[in-house]
Amino acid sequence: MSQTSSPEKIHDLIGVGFGPSNLALAIALEELAETNGHALDALFIDKQTDYRWHGNTLATQSELQISFLKDLVSLRNPTSPYSFVNYLHQKQRLADFINLGTFYPCRLEYNDYLRWAAEHFATQAVYGEEVLRIEPELREGKVDHLRIVSRDPQGRETQRRARSVVVGSGGTPKIPDAFRAFKNDPRVFHHSQYLSALQQLPCNEGKPMRIAVVGSGQSAAEAFIDLNDSYPSVKVDMILRASALKPADDSPFVNEIFAPEYTDLVFNQPHAEREKLVSEYHNTNYSVVDVDLLERIYGILYRQKVAHQYRHAVLCRRTIEDVVETAAGIELTLRDLATDVRQTHRYDAVILATGYERRSHRELLAPLQQHLKDFEVDRDYRALANPEFGANVYLQGFCEASHGLSDTLLSVLPARAAEIGQSLYQHLGKQASNAPASLRQTCA
Ligand SMILES: Cc1cc2nc3c(=O)[nH]c(=O)nc-3n(C[C@H](O)[C@H](O)[C@H](O)COP(=O)(O)OP(=O)(O)OC[C@H]3O[C@@H](n4cnc5c(N)ncnc54)[C@H](O)[C@@H]3O)c2cc1C
Ligand SMILES: NC(=O)c1ccc[n+]([C@@H]2O[C@H](COP(=O)([O-])OP(=O)(O)OC[C@H]3O[C@@H](n4cnc5c(N)ncnc54)[C@H](OP(=O)(O)O)[C@@H]3O)[C@@H](O)[C@H]2O)c1
């Protein structure tokens, strides 16, 4: 059954997803409403039933990988009430946080900060509806506006209309082909499901288990540490194709690539040069681990050697050649890339810390494909379109190839949100709903 929410209403903007990217946009739009003297009618739809930032990965030891000063707003407007510092102040933890002497709060706390900020936009957010597709609404042969079709957990579909969409739906878990057949097997899961999936396994009740963690990025390392610390009955094998676990380069000169100004530098390069820049700095973000965590893992393995008690292993240079389910568990056949020697290992569960793909925008926007230029965007993140396309599509988090490595991260959120917000005001022009600028809510 499909229903249309207020059939006559056309929103200025519907945001798909209410993660940090679209939350930063909601904040920027509130500021722009004041400077422009009128607010845009914006609604954000998120498929989660409440606000959570990678909620199933929030292991207690996990820390933010970016300075808290790069929060939703401070780099653009340090006086904003939506800063992490004001959040700490409101929660009466500012002095205690300072005593920690860190720039890197734990991710549990950052999740709480984001949730606190999102609460201020509760009237503009719809939770528990998954956007399925974005379709064109034609008028006199032209795309006049867009129809956003969503579905709630009971299977009811809702249609809403908007002049613009901003797709901020984040990454999609990457599942290697060899594991696709295990889609409904609770023993094989992607790291994005880490906490809830582990709760269903016998180790949650202290029973012994052998668990394989596939991958050598930050997710794999965090799973290793959490299994070591929180599940004493678990033995872990970390399985990686690389010849070693490698550190993320977060040294200061390199870190300048995450400054908002660097986006211009990347965008203004020809395609081939952009590609070079992204691959040159790949090791700031992908298939790498924070050095502190690397050292902890090394320390754990070293202490095993001292005690002659070998609970965990890191199996480098291994590619997974076969995955077979047997009565005794899941058997992985691994080939050593240096020696070509094959060995079969049996596990009770497999965690795929195999990263994320950025393709959900293509699926959501497929009905508009013929009007868009292969999902390429302009500097303001607005999708390039054919002349008959009179609506606006913006992408947040899908523009790494054109805007650089910061695009999938938190680093440029304040600047990007303002750029998109200004572009929306410019392109909506007189069409905008002209609501009075709402008074800023007290951030408490
Ligand atoms: C475990 C983990 C930790 C990370 N830590 C850091 C870090 O410390 N620092 C950093 O800079 N980056 C980090 N990242 C990178 C991450 O991409 C950004 O932190 C940030 O989450 C990007 O925000 P986003 O809003 O673009 O995407 P997301 O945070 O992924 O949010 C997307 C939102 O869209 C919703 N959604 C998806 N599809 C639909 C749909 N069809 N309909 C409705 N809603 C939908 C989702 O429910 C989600 O709430 C981390 C990534 C992971 C996986
Ligand atoms: N605390 C935090 O802030 C935190 C925590 C987790 C994640 N993150 C962020 O989230 C993003 C993603 O990190 P991630 O660790 O999830 O992913 P990632 O860095 O992309 O790493 C994915 C890993 O999976 C491996 N892999 C992919 N396909 C494979 C296959 N078919 N077979 C075997 N191995 C395969 C890759 O191996 P190859 O290298 O051989 O390709 C790589 O080691 C990063 O931005 C990261 O910083 C942050």
Side-chain angles (χ1 to χ4, degrees), residues 14-25 44-59 61-68 70 72 104-107 110-111 114 118 126-134 148-151 166-179 190-192 194 213-223 238-243 245-246 248 250 258 282-290 293 317-320 334 337 352-358 360-361 363-364 395-398 405-413 416:
I14 286 190
V16 180
F18 204 35
S21 295
N22 272 338
L23 178 54
L25 178 61
F44 297 91
I45 304 175
D46 201 290
K47 65 182 177 184
Q48 299 188 94
T49 48
D50 61 0
Y51 199 96
R52 288 167 61 133
W53 177 55
H54 305 304
N56 259 320
T57 69
L58 295 172
Q61 297 296 322
S62 169
E63 286 173 353
L64 195 66
Q65 283 194 293
I66 195 170
S67 163
F68 69 82
K70 291 189 173 178
L72 292 166
Y104 307 102
C106 68
R107 285 206 293 121
Y110 209 71
N111 176 60
L114 294 170
V126 172
Y127 292 100
E129 282 187 35
E130 178 175 9
V131 174
L132 303 176
R133 56 190 180 276
I134 298 158
I148 292 91
V149 183
S150 58
R151 186 171 57 202
V166 182
V167 181
S169 46
T172 308
K174 185 167 151 194
I175 309 292
D177 288 343
F179 292 97
H190 189 265
H191 182 258
S192 54
Y194 179 78
V213 175
V214 181
S216 57
Q218 184 72 14
S219 297
E222 288 192 0
M238 211 167 160
I239 300 171
L240 41 144
R241 300 190 284 209
S243 55
L245 284 173
K246 293 180 189 142
D250 65 348
F258 296 111
H282 203 252
N283 70 340
T284 54
N285 188 36
Y286 295 113
S287 308
V288 287
V289 180
D290 269 359
L293 212 53
R317 297 183 312 271
R318 303 298 207 288
T319 177
I320 300 169
L334 309 181
L337 289 166
L352 301 169
T354 41
Y356 294 81
E357 294 170 324
R358 297 268 158 182
S360 57
H361 63 305
E363 288 154 17
L364 290 164
L395 302 180
Q396 299 216 69
F398 301 98
L405 278 158
S406 53
D407 190 68
T408 66
L409 302 174
L410 302 171
S411 340
V412 293
L413 293 189
R416 184 172 70 192

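Order of appearance sets the numbers: ligands from 1, and atoms from 1 within every ligand.
The shortest heavy-atom distance from Y110 to ligand 1 is not under 4.0 Å. Using a 4.0 Å heavy-atom cutoff, L240 is absent from the residues neighbouring ligand 2. The shortest heavy-atom distance from Q218 to ligand 1 is not under 4.0 Å. Under the 4.0 angstrom criterion for non-hydrogen atoms, L409 is in contact with ligand 2. Contact analysis puts R107 in contact with ligand 2, with a non-hydrogen atom separation below 4.0 angstrom. Using 4.0 Å as the threshold, S219 has no heavy atom nearer than that to any atom of ligand 1. Heavy-atom separations between E63 and ligand 1 are all 4.0 Å or longer. Ligand 1 has R358 within reach: a non-hydrogen atom of the residue lies less than 4.0 Å from it. Distances from ligand 2 to the non-hydrogen atoms of I320 include no value under 4.0 Å. Put simply, no part of G397 is less than 4.0 Å from ligand 1, judged by heavy atoms.
Here atom 8 (O) of ligand 1 lies nearest to Q65 when heavy atoms of R107, Q65, K70 are compared. Checking S219, S62, A220 against atom 13 (O) of ligand 2, the nearest heavy atom belongs to S219. Between atom 35 (C) of ligand 1 and the options D46, N285, L114, the minimum heavy-atom separation is to D46. The residue among Y356, Y194, F398 with a heavy atom at the shortest distance from atom 53 (C) of ligand 1 is Y356. Taking all heavy atoms of E222, M238, H54, K174 into account, the minimum distance to atom 1 (N) of ligand 2 is reached by E222. Of the candidates P176, A248, S216, the one placing a heavy atom closest to atom 43 (O) of ligand 2 is S216. With P20, G17, S67, G355 as candidates, the residue nearest to atom 29 (O) of ligand 1 on a non-hydrogen basis is P20. Here the shortest heavy-atom distance to atom 32 (C) of ligand 1, taken over G15, G168, A118, belongs to G168.
Looking at T408 against ligand 1, only its backbone comes within 4.0 Å, counting heavy atoms. Residue H54 touches ligand 1 through its side chain alone, judged by heavy-atom distances below 4.0 Å.
For ligand 1, one of its N or O atoms has an N or O atom of V131 under 3.5 Å away. Distances between N or O atoms of H191 and those of ligand 2 include no value under 3.5 Å. Residue contacts with ligand 1: K47 is placed with a nitrogen or oxygen under 3.5 Å of a nitrogen or oxygen of the ligand (distance criterion only). In terms of polar-atom proximity, defined here as any N/O pair under 3.5 Å, E130 makes no such contact with ligand 1. Of the polar atoms of Q218, at least one N or O is found under 3.5 Å from an N or O of ligand 2, judged by distance alone. Considering backbone and side-chain N/O atoms, S287 comes within less than 3.5 Å of an N/O atom of ligand 2.
Counting atoms of ligand 1 from 1 in the listed order, those under 4.0 Å from a heavy atom of S21 are 23 (O), 24 (P), 25 (O), 26 (O). Short contacts between ligand 1 and I45, defined as distances under 4.0 Å to a heavy atom of the residue, involve ligand atoms 43 (C), 44 (N).
Panel note: side chain N56, backbone Y194; no donor-acceptor pair is recorded below 3.5 Å.
The CD atom of E222 lies 6.0 Å from the NE2 atom of H191; values are rounded to the nearest 0.5 Å. Put simply, CD1 on I148 and CG on L364 are 10.5 Å apart, with the number rounded to the nearest 0.5 Å. In this structure, F18 CZ and I45 CD1 are separated by 11.5 Å, a value rounded to the nearest 0.5 Å.
Here the protein heavy atom with the shortest distance to atom 8 (N) of ligand 2 is Q65 OE1, 3.7 Å. With hydrogens left out, the protein atom closest to atom 44 (C) of ligand 2 is N285 OD1, 3.3 Å, a heavy atom. Looking at atom 11 (O) of ligand 1, its nearest protein heavy atom turns out to be L410 N, 2.8 Å. Annotation: atom 17 (O) of ligand 2 to nearest protein heavy atom, G355 CA, 3.3 Å. Nearest protein heavy-atom contact of atom 40 (O) of ligand 2 is R241 NE, 3.0 Å. Counting only heavy atoms of the protein, atom 31 (O) of ligand 1 lies nearest to G19 CA, 3.5 Å. Ranking protein heavy atoms by distance to atom 23 (C) of ligand 2, first place goes to A353 O, 3.4 Å.
Here the two rings, on Y110 and H54, have centers that are 6.0 Å apart or farther.
No hydrogens or angles considered: a donor-acceptor pair under 3.5 Å links the side chains of R416 and S21. Judged purely by distance below 3.5 Å, without hydrogens or angles, the side chains of R241 and S216 never pair a donor atom with an acceptor atom.
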* Given the rule in the side-chain hydrogen bond (donor to acceptor under 3.5 Å, both in side chains) test, do S62 and R107 qualify, once you have shown the distances and angles that lead to the verdict? -> CA-CA 6 Å; S62 169; R107 285 206 293 121; 2.6 Å; yes
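The protein reaches atom 35 (C) of ligand 2 closely, with a heavy atom under 4.0 angstrom from it. The presence of a protein heavy atom under 4.0 Å from atom 10 (O) of ligand 2 is ruled out.
Test V412, N22, V16 against Q396 for side-chain contact (heavy atoms from CB on, under 4.5 Å) and you get one pass: N22.
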